[in-house]
Amino acid sequence: MRALLGFSLFALMTAGVAGVGARAETYPTRPVTFVVPFAPGGGTEFLARLLGQRLEQRLGKPFVIENRPGGGGVIGALSVARAAPDGYTILMAPSPVMAINVALHKKLPYDPAVDFVPVALVVATPYVLVVAPSLPVQSVADLIELAKAKPGQLSFASAGLGTPHHLFAQLFKSMTGVEMTHVPYRGSVPALTDVAAGHVQLMFCDIPPALGLIKEGKVRALGVSTKERVAALPDLASVAEQGLADFDAASWQMVAAPRRNRPSPVPKDIIERLHAEIKDFMVQPEIKDHAFKMGLLPIDTPSVASLRVFVQTEITRWGKVVEQAGIAGSQ
């Protein structure tokens with residue numbers, strides 16, 4: 001996981017949670033709103049429902065999933081940032097919401113490093129590089145060779161400007177020196193559909209929606225974006241294994257809570273209880289196995305204090321990629 005997330009999570013791990021007082025033992029006393037900053041469906045909502053069901057069972061009160069889509073996650077995130085910091089509104093926050101949006105927006109109406117306290121890092125999401133079956137390439141090396149022979153003539157799809165689909169391809173471009181044309185879509189599914197149809201030549205796609213098309217031969221998988229191979233595609237080498245040794249990219253999902261200081265921040269013992277419950281859930285063998293089969297990598301989350309460092313590190317890391325892509329402040 002150290003290579004996967006760009007800095008040593010293992011070094012930041014802390015064992016156990018202490019100091020959970022009477023307030024945390026009685027929390028919650030009413031339903032908790034669990035905000036998903038995207039439309040219904042998709043991996044973010046799936047994880048929120050999975051965690052919400054677990055937390056409801058353990059803590060005895062409903063965790064109500066509320067979809068608040070819009071603005072690439074900004075609307076939902078802002079609603080949580082402005083919520084009362086009492087533990088009764090939490091956010092399922094993927095990496096664009098907590099890191100990428102900072103550089104992408106001219107004036108982001110929230111500051112992930114200031115307005116949220118990270119509760120738990122849940123999963124990392126590897127991506128897979130897929131190409132249209134008609135494209136005459138069988139490996140990453142073949143793709144690089146073809147792209148260099150036809151500068152600017154190959155196009156790559158994404159789920160939108162500044163999404164991981166876009167930035168992973170941009171990272172690939174910068175590391176290989178190839179020129180390709182970006183074709184943004186409103187979501188990964190329509191983008192993937194056009195790759196399968198040959199309208200666009202390739203894309204980095206999150207694995208769950210791509211698995212079926214890969215198995216049916218409707219798209220060809222060339223490599224996974226993380227240095228580690230993934231259980232869902234065990235025979236597929238990583239991009240790093242195929243000559244780009246430093247290529248290592250994954251999206252991730254985090255649970256976060258509002259951190260306003262007025263009238264007071266979320267009580268520490270409530271944050272630590274949520275952290276401990278999620279941590280315990282995500283290391284259970286059956287949950288890990290389910291996540292692996294979906295192409296996800298469950299994370300034994302570091303401490304809350306360490307996650308604050310992680311968020312700032314990811315903001316810096318992806319800010320550089322956004323700048324290289326020439327899209328800083330484009331929204």
Side-chain angles (χ1 to χ4, degrees), residues 1-14 17 34-38 43-44 47-48 51 71-83 85 87 89-105 107-126 162-164 167-168 171 226 248-261 265-266 268 270-272 274-276 278-279 282 296-323 328 331:
M1 202 64 65
R2 177 182 319 211
L4 176 65
L5 296 177
F7 81 109
S8 177
L9 285 177
F10 285 132
L12 298 174
M13 292 280 184
T14 59
V17 176
F34 202 166
V35 173
V36 175
F38 301 110
T44 301
L47 284 168
L51 290 172
V74 172
I75 290 176
L78 182 60
S79 72
V80 177
R82 290 175 172 172
T89 304
I90 59 176
L91 177 69
M92 193 76 239
S95 52
V97 167
M98 293 295 288
I100 294 171
N101 280 346
V102 174
L104 191 62
H105 289 257
K107 190 175 182 181
L108 192 64
Y110 64 89
D111 184 339
V114 173
D115 295 330
F116 294 102
V117 53
V119 176
L121 191 60
V122 182
V123 297
T125 308
T163 60
L167 296 184
F168 294 179
L171 185 62
T226 52
D248 187 29
S251 182
W252 42 264
Q253 297 276 0
M254 173 182 288
V255 177
R259 194 184 173 189
R260 289 191 305 146
N261 288 323
V266 177
K268 182 179 179 182
I270 291 177
I271 292 296
E272 289 181 338
L274 286 171
H275 173 89
I278 295 171
K279 180 182 178 73
M282 292 307 301
L296 305 173
L297 298 177
I299 295 171
D300 185 4
T301 183
S303 68
V304 172
S306 297
L307 288 177
R308 291 193 182 102
V309 178
F310 171 72
V311 168
Q312 190 59 63
T313 301
E314 288 290 280
I315 289 171
T316 301
R317 179 190 185 200
W318 290 109
K320 294 176 181 178
V321 178
V322 169
E323 288 181 6
Q331 294 188 13

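Note that the CD atom of Q312 and the CZ atom of R317 stand 14.5 Å from one another [nearest 0.5 Å]. Note: M254 CE to I299 CD1 = 8.5 Å, rounded to the nearest 0.5 Å. The structure places NZ of K320 at 14.5 Å from CG of L167, a figure rounded to the nearest 0.5 Å. Between the CD1 atom of I315 and the CZ atom of F310 there is a distance of 10.5 Å, given to the nearest 0.5 Å.
Closest approach of L91 to F34, counting heavy atoms only: C-CE2, 3.8 Å. Heavy atoms only, all atoms of each residue included: T301 and L121 are closest at OG1-N, 3.0 Å. For the pair I90 and V80, the tightest heavy-atom approach, listed with the atom from each and the gap, is O-CG2, 4.1 Å. Across all non-hydrogen atoms, the minimal contact from P118 to V304 is O-CG1, 3.3 Å. Looking at every heavy atom in both residues, A99 comes nearest to W252 through CB-CZ2, 4.2 Å. Residues P96 and S251 approach most closely at CD-OG, 4.3 Å, considering heavy atoms.
Checked against side chain to side chain contact (heavy atoms under 4.5 Å, CB included), E323 has the following partners two or more places apart in sequence or in another chain: A328. For T89, there are no side chain to side chain donor-acceptor pair (under 3.5 Å) partners two or more places apart in sequence or in a different chain. A search for side chain to side chain contact (heavy atoms under 4.5 Å, CB included) contacts involving A103 returns V322, not counting sequence neighbours. S79 meets the side chain to side chain contact (heavy atoms under 4.5 Å, CB included) test with V35, R68; sequence neighbours excluded. Considering only residues two or more places apart in sequence or on other chains, L78 meets the side chain to side chain contact (heavy atoms under 4.5 Å, CB included) condition with R82, P109, Y110.
Judged purely by atom type and a 3.5 angstrom limit, H275 uses its side chain to pair as donor or acceptor with the backbone of V119. R259 contributes a side-chain N or O that, together with a main-chain N or O of A113, makes up a donor-acceptor pair within less than 3.5 Å.
With contacts defined as side-chain heavy-atom distances shorter than 4.5 Å, the pair W318/P164 does not qualify. Contact of the L51 side chain with the M282 side chain is registered, since non-hydrogen atoms from C-beta on lie closer than 4.5 Å. In this structure the side chain of M92 reaches within 4.5 angstrom of the side chain of V122, judged on heavy atoms. D115 places none of its side-chain heavy atoms less than 4.5 Å from the side chain of P258.
For the residue pair T125 and Q253, no side-chain donor N or O sits within less than 3.5 Å of a side-chain acceptor on the partner. S306 and S303 form a side-chain donor-acceptor contact under 3.5 Å, judged by distance and modelled atom types alone.
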TODO: Apply side-chain contact (heavy atoms from CB on, under 4.5 Å) to V123 and L297, showing your working.
DONE: CA-CA 5 Å; V123 297; L297 298 177; 6.0 Å; no
